[in-house]
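What follows is a set of notes on a single structure, which appears directly below.
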Amino acid sequence: DLLCVERNAENYNSNMDNAPFLLTSFLGDEKINLNIVRYNGTLFRAGLDMVDGRIENVASGGYNDSTIVMNTSESAMNEVISSRDRISTFKNLTDEGRIDFQAEGWQARAKLKIVLSSASVLQFGYDLFFG
């Protein structure tokens, strides 16, 4: 729910000093939409407004002008959370298309590809959001 996203955003911002450079520099100024299909079939949408590597705002319903979109399901997210090897599970679900990232424009696509291929970024994200 939105409260959970807001808590994770606060946690993310409070740990920015430990964040890998790739994360803070490449996702420094992006608008990211999260689209998550819940178990009951409804769609949860939230937006993250990144400014200088920090989450400046969390928006219910997301943004019309987002540059990056993550599409997934509650069941896929819970598979990652409950896995013993979260990085492998995340990568497998991404390869299967059950966690999907889309980016608008070649710059956002390049940034996203670099960030998602960095082991230190992935580990930081998993520890922060799923640890």
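Quick note: numbers below take in every heavy atom, side chains included, and nothing from hydrogens, waters or symmetry partners.
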Which pair of non-hydrogen atoms, one from [X] and one from [Y], has the smallest distance, and what is that distance?
X	Y	answer
Ala76	Leu93	O-CD1, 3.5 Å
Arg45	Tyr63	NH2-O, 4.4 Å
Arg54	Tyr12	CA-CE2, 4.2 Å

Distance check, rounded to the nearest 0.5 Å: [X] atom [atom1] versus [Y] atom [atom2]?
X	Y	atom1	atom2	result
Asp52	Asp29	CG	CG	5.5 Å
Asn13	Glu56	CG	CD	8.0 Å
Asp1	Ser60	CG	OG	10.5 Å

Using modelled atom types and a 3.5 Å cut-off, is there a donor and acceptor pairing between side-chain atoms of [X] and backbone atoms of [Y]?
X	Y	answer
Ser82	Asn78	yes
Ser66	Ile32	no
Glu30	Thr67	no
Asn11	Arg7	no

Inset, instruction - Inspect the surroundings of CD in Glu104 and state if more than 12 heavy atoms from other residues, nucleotides or ligands are less than 6.0 Å away. - result: no

Inset, instruction - Assess whether atom CG of Asp85 is packed by more than 12 heavy atoms of other residues, nucleotides or ligands within 6.0 Å. - result: yes

Should [X] and [Y] count as side-chain neighbours, where that means a heavy-atom distance under 4.5 Å?
X	Y	answer
Val58	Leu48	yes
Val80	Ile99	yes
Ile36	Leu43	no

Inset, instruction - Please check if any side-chain donor atom of Glu79 sits under 3.5 Å from a side-chain acceptor atom of Thr89, or the reverse. - result: no

List the residues meeting side chain to side chain donor-acceptor pair (under 3.5 Å) with [X], not counting sequence neighbours, and say none if there are none.
X	value
Arg109	none
Ser73	Ser75
Asp100	Gln102

Inset, instruction - From the options Ile68, Asp65, Val69, select the one residue that forms a side chain to side chain contact (heavy atoms under 4.5 Å, CB included) with Lys31. - result: Asp65

Inset, instruction - Determine, step by step, whether Val37 and Glu74 satisfy the side-chain contact (heavy atoms from CB on, under 4.5 Å) criterion, reporting the C-alpha distance in whole Å, the side-chain angles of both residues, the deciding distance to 0.1 Å, and the verdict. - result: CA-CA 6 Å; Val37 177; Glu74 189 174 3; over 6 Å; no

